[in-house]
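Encoded as structure tokens, the structure appears first; notes follow it.
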Amino acid sequence: MAKKITSRSEDYSKWYNDIVVDADLAQHSDVKGCMVIKPYGYAIWERMKDVLDKKFKETGHMNAYFPLLIPKSYFSKEAAHVEGFAKECAVVTHYRLMNDPNGGGVIVDPDAKLEEELIIRPTSETIIWNTYRKWIQSYRDLPLLINQWANVVRWEMRTRLFLRTTEFLWQEGHTAHATKTEAQEETSRMLEVYADFAEGWMAMPVIKGNKTESERFAGALDTLCIEARMQDGKALQAGTSHFLGQNFARAFDVKFATKEGGQELVWATSWGVSTRLMGALVMTHSDDAGLVLPPKLAPIEVVIVPIYKGQDQMDEIVSKCREIESQLRDAGIRVKLDADDSKRSGWKFAEYELKGVPLRLAIGPRDLEKGSCELARRDTRTKSFESLENIATHVRTLLDTIQNDLLSTAQTRLKENTVTVDTWAEFKAAIKAEKFVMAHWDGTSKTEDWISQDTKASIRCLPFDTEITPGICVKTGNPSPRRVLFAKAY
RNA sequence: CGGGGCGUGGCCCAGCCCGGUUAAGGCGCCUGGUUUGGGACCAGGAGAUCGCAGGUUCGAAUCCUGCCGCCCCGACCA
């Protein structure tokens, strides 16, 4: 029977869950707030990782790995940082279990209490900076450009598959520099890497900008972000890059000898993206028939489905399909031939649509006769017939077209749903209509809070790529140096 | 932490109010056959300590008490 996905208009949130589960990306685990990323979902994450990892290497970074467990005392060293994370840390207090003497199974051994409790990392700044102190002696050791792929745990009250889970996978870059300027440049450089990735691979347009003070990372002097707009109109922070100043260097006493022989504190950055990008990907392109994946990240770019009656025809058509499969594979296309005889073609069509495979190539007896095939695009759900001559070239071109079309569709949607307003009434109406809203703001946290309590919308960022002209605050009427981006957010 | 929902073969779930054969159905799985251009059909088959622990009763999936777990909606956050 058909797997029926809830439509977006009926219940957006259910639609999202249906896609994640039915497209085989992930499922809830038995542990509250934690998910199992299934092979198909993980394959997409691996694509993301591969591309990003390459970009990190190209910008001079190397990977390393730091411990999952962090001594509790490290957290107290940077005041703002503790403040930000204390509320959501899982704590390890014991190191041994024992059989319950009363027969109740296994219990924590009360004699195995840790002298110093350990925190499961919610992020690794503290342990990394504690390590960097030992690594950095001289200006010759700088810049230190390290990235780590890891899991982290943040004890959130409410979770959603990929968007916010108790444990998630991510990458965290941590760099140390001799000068403020260099560190700031690094912060911007990595934000550009993220923006490139979002647009170039995920086909997801993003707005780059600075966070306001209240939305800043705990311990940062400046947080840059990319914000994307989901189909329900909510903003999703897809990546962040932080300029940490000398806060962590000071907290962990990381100094270097300058050329002139002095001792100075190093300048720091950190930046990260997480499996949350999976959620962003789903909510950017997918439709009521299921997942839609951009070719560049799709584990399978093309699925070949043979159509036949009887064993003889099957043999003939499947062997033709194998030929095409190897042609496509030789052209560097990720292709899967599904010759499973126990599933009918109609079942396969539906299945691969649900799973977001960008292109389906079907060959039946009529095609074989004509030397053609049927190509069906997942994004537009349109079909065309192509000659089997130069099929790899056709397919390559079509995949590129799909990739570009997904981006431009998303760009158009973003543009059409971003509005500029000048009055409070317009502002409220626009937010209610789930728009991205460019409006003047007087720059105070007080007004920011006030607006967000009133409308549920927050300042997503102070966008870079926009004209900076003064005006008056949409809420208070006080002078405003520039417009900022408001939206409801995930 | 508040409000709601749910827990029954691998999955979706009926049954519970009003206790009483062998716990129903669909999907999936296995065997055989017919099929195959948009989620096929027929026949046969396997698979369940009804979330856990007590209690009431001749008898509990069903009633009572306690516990556990998950999901959804809100307050906090990537």
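A note on names: the letters A, B, ... follow the listed sequences, proteins ahead of strands, and every chain is numbered from 1.
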Q: From the options U35(B), C72(B), A78(B), select the nucleotide whose nearest atom is closest to the side chain of Phe168(A).
A: A78(B)
Q | Distance in angstrom units between Lys383(A) NZ and G37(B) P, rounded | A | 12 Å
Q. Base, sugar-phosphate alone, or nothing: which one does Lys343(A) contact when heavy atoms must sit under 4.0 Å apart?
A. sugar-phosphate
(Q) Does A75(B) have OP1 or OP2 under 4.0 Å away from a side-chain N or O of Arg158(A)? (A) no
Q.
By nearest heavy atom, map Glu88(A) and Ser29(A) onto RNA chain B; which one lands nearer the 5' end?
A. Ser29(A)
Q | Taking every non-hydrogen atom, the tightest pair across Leu236(A) and Ala280(A) | A | CD2-CB, 3.7 Å
Q: Determine: side-chain N/O of His28(A) to OP1/OP2 of C71(B), distance under 4.0 Å, yes or no.
A: yes
Q. So, is Arg344(A) close to the A40(B) phosphate, meaning a side-chain N or O under 4.0 Å from OP1 or OP2?
A. yes
Q.
With a 6.0 Å cut-off (strictly less than), is the heavy-atom count around CH2 of Trp155(A), excluding the residue itself, greater than 12?
A. no
Q. If the P atom of U56(B) is compared with that of C68(B), how far apart are they to the nearest Å?
A. 23 Å
Q.
Suppose we call two aromatic rings close when their centres sit under 6.0 Å apart. Are Tyr132(A) and Phe248(A) close by that rule?
A. no
Q: May I have the distance from Ile5(A) (atom CD1) to G39(B) (atom P), rounded to whole angstrom?
A: 17 Å
(Q) Once you apply a heavy-atom cut-off of 4.0 Å, does Glu156(A) come out as touching a base, just sugar-phosphate, or nothing? (A) base
Q: Kindly check if the number of other-residue, nucleotide or ligand heavy atoms within 6.0 Å of CD (Glu83(A)) is above 12?
A: no
Q.
What's Gly310(A) touching, base or sugar-phosphate or nothing? Going by heavy atoms closer than 4.0 Å.
A. base
Q) In terms of heavy-atom contacts, does CD of Glu46(A) have more than 12 from other residues, nucleotides or ligands at under 6.0 Å? A) yes
Q) Is there a donor-acceptor contact under 3.5 Å linking the side chains of Thr166(A) and Glu156(A)? A) no
Q | Euclidean distance, atom CE of residue Met35(A) to atom P of C72(B) [Å, nearest integer] | A | 13 Å
Q: Establish, with yes or no, whether the OP1 or OP2 oxygen of C72(B) is under 4.0 angstrom from a side-chain nitrogen or oxygen of Asn17(A).
A: yes
(Q) For a quick check of understanding: with a heavy-atom distance under 4.0 Å over all strands, which category does Gln313(A) fall into, base, sugar-phosphate or nothing? (A) nothing
Check nucleotides 8-12 of chain B against the protein and report each pair of N or O atoms closer than 3.5 Å, with its distance, or say if there are none.
none

(Q) On the six-membered ring of Phe349(A), is Arg360(A) placed so that its NZ or CZ lies under 6.0 angstrom from the centre and within 45° of the ring axis? (A) yes
Q) Looking across every strand, which nucleic acid part, if any, lies under 4.0 Å from Val31(A) by heavy atom: base, sugar-phosphate, or nothing? A) sugar-phosphate
(Q) When you compare the side chains of Tyr352(A) and Asp338(A), does any donor N or O come within less than 3.5 Å of an acceptor on the partner? (A) yes
Q. More 5' along RNA chain B: Ala489(A) or Arg360(A), using each one's nearest nucleotide?
A. Arg360(A)
Q. What does Ser13(A) touch in the nucleic acid at a heavy-atom separation under 4.0 angstrom: a base, only the sugar-phosphate, or nothing?
A. sugar-phosphate
Q: Specify the separation, in whole Å, of atom CD of Gln311(A) and atom C1' of U35(B).
A: 13 Å
(Q) So which atom in Ile37(A) and which in Ala26(A) form the shortest heavy-atom distance, rounded to 0.1 Å? (A) CA-CB, 4.2 Å
Q: Calculate the interatomic distance between Tyr352(A) atom OH and G38(B) atom C1'; express it in whole Å.
A: 15 Å
(Q) Using the side-chain heavy atoms of Lys309(A), tell me which of these nucleotides is nearest: A78(B), C70(B), U36(B). (A) U36(B)
Q: Would you please confirm or rule out a distance under 4.0 Å between OP1 or OP2 of A75(B) and any side-chain N or O of Lys456(A)?
A: yes
Q: Just need the stems in RNA chain B: three or more back-to-back Watson-Crick or G-U pairs, each with both distances under 3.5 angstrom, sorted by first number.
A: B:1-7 with B:68-74, B:10-12 with B:25-27, B:29-34 with B:40-45, B:51-55 with B:63-67
Q: When you get a sec, tell me which of G39(B), G38(B), C72(B) is the closest nucleotide to the side chain of Trp347(A)?
A: G39(B)
Q.
Measuring only the P atom in each nucleotide, how far is A53(B) from G9(B)? A whole number of Å is fine.
A. 15 Å
**Q.** Sole candidate of Leu281(A), Val282(A), Leu25(A) that passes side-chain contact (heavy atoms from CB on, under 4.5 Å) when paired with Phe162(A)
**A.** Leu25(A)
Q.
By the 4.0 Å heavy-atom rule, please label Thr123(A) as base, sugar-phosphate, or nothing.
A. nothing
Q) For Met157(A) and A78(B), what is the distance between atoms CE and P respectively, to the nearest whole Å? A) 13 Å
**Q.** Integer angstrom distance from the C1' of C64(B) to that of G19(B)
**A.** 13 Å
**Q.** Polar contact flag, side-chain donor to acceptor under 3.5 angstrom, Thr165(A)-Thr159(A)
**A.** no
Q) At under 4.0 Å between heavy atoms, what does Leu163(A) touch on the DNA or RNA strands: base, sugar-phosphate, or nothing? A) base
